[in-house]
Each structure stands twice: as structure tokens, then as C-alpha cells.
> 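Mind looking over this structure? Questions follow.
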Protein chains: 2
Amino acid sequence: MRWGKHDHGSRGYHHGNLKEALVRAALELIEKKGPAGFTFAEAARWAGVSPAAPYRHFRDRDELIADVARRGFDEFTAALTGAWEDGKPDVIAAFDRLGKAYLTFAKREPAYYSAMFEAGVPLDTDAELRAAGERAFAVLRAAAEKLVGDMPARARPPALMVALHIWSLTHGIASLFSRGDAARRTLPMAPEELLEAAFLIYLRGLGLPSASGATDDRD
Amino acid sequence: MRWGKHDHGSRGYHHGNLKEALVRAALELIEKKGPAGFTFAEAARWAGVSPAAPYRHFRDRDELIADVARRGFDEFTAALTGAWEDGKPDVIAAFDRLGKAYLTFAKREPAYYSAMFEAGVPLDTDAELRAAGERAFAVLRAAAEKLVGDMPARARPPALMVALHIWSLTHGIASLFSRGDAARRTLPMAPEELLEAAFLIYLRGLGLPSASGATDDRD
DNA sequence: ATCTCATGTAAAGGGCTTTTACATGAGCAG
DNA sequence: CTGCTCATGTAAAAGCCCTTTACATGAGAT
């Protein structure tokens, strides 16, 4: 008996790569209908197997979502690392890329982003997931270390605090304004511009000299 | 036939105030099991009515959640307005209260907060809900107006931008760190302190004089 | 060639959502 | 008071999803 509407290549009794197929299905379905609208059964149908088959690969629906979130954090880490590029050519420019990469990820990978931050997955029950999240944050933290490292020791703020500030700010903008089609509010400026302006103002507040143009009078 | 495990006062065939009872049930259930775990049927059971009764008051499950979100925005607006208190005694102190009120609301009313920001309710399909959200933001916007109003016109940033920055920052901290028991990460400082520090740094970046102590070396 | 075990199926129980037809009784008109 | 009406609630049912259990298949090892 054939289960799939989407016949991705004929197969016999065994699928061959069901786990990956389920993850891909989850990504498509979460993107289309949100994490709440995603169902285990539909992922199974999409992959062309019976509703019970997914249980051979995931304890339950939540574990599949957690796996998607974990993969999302890995991709996220890669995107951030690539944007940061060791802080070259200068820390400010690299930080700017980092922020834009965060927003871009939220916009272009809404399914991952949902699974990571909005699906209500309990971080503390899955060590792998938690570790993946830590790795993503570590990129930001390392960037903050480099940022404050350029400052005179006397006026140097805690790098962890700076990392948390920038993460919070960026995450807030991403959550509120930078989602796909279901944007919660229309803005008079692009989320990227909003973030860049905030970032420059914040840097000036830290005493960084290089921050200029932050308070231009655009309205 | 009796449906309720929770017999909140005996009643006859008609409940008398089912709509309110359902909203209260939704709040308890969302708080206990998250917006995803909340079910229409359980709310009905909780209120002591049959599973079909709620449909006399809400088109479907989503409309109930949207109603909860709307009420949440109203409470939120009241909390923010009360904290702002017209910017007295001075703008900075009032802004500080505003931020703390935001975090407090997220922590003490996780059910409202979830319904408002995490349940994936489409803002654009419900005018009432959208309007309630606008009213909440209007408090923050008015506060930002007052903040930048104290600045010399030459160095005055757009109030809307400032409002969006502070909203994003606060929302980011609330979402990432200031939730109830399911905190996504443990912090070396209280979310309130984190917010206050960021706020002071941001104000210094705007050129506000009154911001001091923002970069103390606590670690 | 055979065995084994990971992977998939069938079937079933239980719950949720939503609709439809019917029941109740609160409030109002006469 | 009597009786009508309609908002409000119930019962029943169809459809879907989640998850478990017993059974089937066949890929890879021996």
C-alpha cells in the first residue's frame, strides 16, 4: 500500500532514509503552517510511510521538533560564524554582518527559527539541543570578547553582558519584525536598519569611538 | 449530566457566564501547559460544559486564544501606563520602571504573554487585537517622545526609532530570559539588571547626560 | 542459505475539533 | 400567569491525530 501523496522515488518496504525525509517534511510543514500546525502524521504521509513509522526514529512528535531545532542551531552557528569571519576587517563591520546574519536567518529559515525559539521545546531535557544552542551563543560571546578587548581596561564592560545585550536586541527585532509573511507590525524602516542604528548607539554608549551617524535625523 | 471536574458552583442547564469561565480556563491551562498544550475540549471540561458549548461563544480555538491575547494587551497597556506615570519624577527613572514592568508582566502573566507573542495568532485578521497591540505600543512611543523631547533639537533622534529600539531590547530579554519556569538560559545577572544596564548604555549613546554607572565592572 | 534485527505496517484505543440536530429555560409579550 | 422565542447548552457523529502493540519485511551479517 502506498501512503504518500508525494512520491519521492519509488521504494520497497523500507524507505531507506526516513529520518532525513521526516526532518525535511517537518521543515516544509512548519514553514507552511507554523509549529502548531505541524503534525507527525502528515510528515509520515509526506514521506510516504505509515503513521507509525516515524516512531522508529523519534520517540514522539516533540523529539522530531527538538531535532529540527538542534539542526537549526547548527545552521545558525555556521551562518553566524561565517558572518563574523574572525572580526575582519574591523570589529564594528563584522558585528554589523553578524546582526544582519541573525535577521537574515530568521527571515529565510522561518521553520528553523520557529523550532528553535517558538516551539516551546524544553531546552533542559535535551543535552544535544542545549549544547547546540550554547555553540551558537558562543559565536556572539566571542565576538563580544573581541569588541571589548579593543577597549581600555578601565572602561571595559563585561563581555558576557555585551553579548547578552546584543543578542537580546537582535532577537527582539527578529521576533517582532523580521519574520516571514506573518510580520506583526509594519515598520517605517527595514529591520536591518533598525538594528544597525541601535547597535551604533549602543556602541557609542559603551564609549566606542567609531560609532557615528547613529542619531541622524531620518524620520 | 455533569461535565466538570471543577464544579465552580452548581448550575442548571445554562452556565450563566461561560465566556468568562472559558477565558479563565484558557489562562490556567496555557500557563500550565503552554499555548500548544491548551485544548478547547479541556477548557470546556474545566468550565463544566460539553465540548460543543464553547462554539456558542468563539468561532474556534484560535478565536479564544485571540481573545485572551486581546485581554492580555489591555492588561499590558494598563501595567505599562501605570509604570510610566507620565514620566515622573524624571524620564529616566520612569523609563526604568517601564522596562521593569514589561519584564514583570512577562514573568507574572506567562499565559497572557504566550497568547500575545508566542501563540502565532495572526494579528492582521483581528482588528480588535491589532488595536489592543497598538495601544500597548503607544505607551512606549509616548514615553520615547518625552525622552527625546528633552534633547536639543539638533541631536534629537526619531522618537519612533527609539521606541522600537527599547521595545525590541526589552522584548528580547523577556523572551529569552524572563519567562516563568521554562527559562531558556540561566543568567549571571537578573534580567532586570541586564535591561537596566543596556538601557543606560543606550541612553549614553543617544547623548543623554544622566546615564552613569552603565559600564561598572561587575562580572 | 539462513538468521537477525532494524525498519515498516495494520489495527486499535483514546482524545480533540467541529458540525448538525435537538433540548432547555430565561426573558419578554400579552 | 401563560406561552413564545431565541440564546445557550447537549448529544451524537465524522474526521483527524497520537501512540502503542503485535506482526511483516528484507538488508546485511554469518
> Can the ring centres of B:H165 and A:Y202 be said to be less than 6.0 Å apart?
no
> Does B:F40 have its ring centroid less than 6.0 Å away from the ring centroid of B:Y55?
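For B:F40 and B:Y55, the ring centres are under 6.0 Å apart.
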> Yes or no on salt bridge (charged side-chain N to carboxylate O under 4.0 Å, His left out) for A:K33 and A:E42, after CA distance, side-chain angles and deciding distance?
CA-CA 12 Å; A:K33 315 197 289 186; A:E42 192 167 359; 2.8 Å; yes
> Which residues in residues 16-28 of chain A have at least one heavy atom lying under 4.0 Å from any atom of DNA chain D?
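None, since no heavy atom is under 4.0 Å.
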> Looking at side-chain heavy atoms only, is the closest gap between A:V121 and A:D62 below 4.5 Å?
no
> With ring pair (Phe, Tyr, Trp, His ring centres under 6.0 Å) as the test, pick out the partner of A:H171 among A:F105, A:F117, A:F76.
A:F117
> Starting at atom NE2 of A:H15, determine the distance to atom C1' of C:dA6, rounded to an integer number of angstrom.
15 Å
> In whole angstrom, give the distance that lies between atom NE2 of A:H57 and atom C1' of C:dA6.
9 Å
> Any N/O pairs under 3.5 Å between the protein and nucleotides 12-16 of chain C? List them or say none.
{"residue": "C:dC16", "atom": "OP1", "partner": "B:R45", "partner atom": "NH2", "Å": "3.2"}
{"residue": "C:dC16", "atom": "OP2", "partner": "B:R45", "partner atom": "NH2", "Å": "2.6"}

> Would you say A:S178 and A:Y102 are linked by a side-chain donor-acceptor pair, where the criterion is simply a distance under 3.5 Å?
no
> The side chain of A:A52 lies closest to which of these nucleotides: D:dG9, D:dT20, C:dT18?
D:dT20
> Quick one: are the ring centres of A:F73 and A:Y112 less than 6.0 Å apart?
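Ring centroids of A:F73 and A:Y112 are no less than 6.0 Å from each other.
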> Identify whether NZ of Lys or CZ of Arg in B:K19 sits under 6.0 Å from the centre of the six-membered ring of B:F58 and within 45° of that ring's axis.
yes
> Could you run through nucleotides 22-30 of chain D and give me one letter per nucleotide, 5' to 3': B if any protein heavy atom sits under 4.0 Å from the base, S if only the sugar-phosphate is that close, - if neither?
BBBBS----
> Nearest whole Å is fine: how far is C:dT18 P from B:L64 CG?
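Rounded to the whole Å, the gap is 11 Å.
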> So for atom CD, which belongs to A:E20, do other residues, nucleotides or ligands contribute more than 12 heavy atoms lying within a distance under 6.0 Å?
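Atom CD in A:E20 is crowded, with more than 12 foreign heavy atoms closer than 6.0 Å.
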> A:F58 CZ to C:dG8 C1': how many Å, rounded?
15 Å
> Tell me, with the steps shown, if B:R70 and B:D67 meet salt bridge (charged side-chain N to carboxylate O under 4.0 Å, His left out).
CA-CA 5 Å; B:R70 187 186 51 69; B:D67 197 60; 2.9 Å; yes
> Starting from the C-alpha separation in whole Å, work towards a yes-or-no answer on salt bridge (charged side-chain N to carboxylate O under 4.0 Å, His left out) for A:R141 and A:E145.
CA-CA 6 Å; A:R141 162 125 202 201; A:E145 299 276 7; 3.3 Å; yes
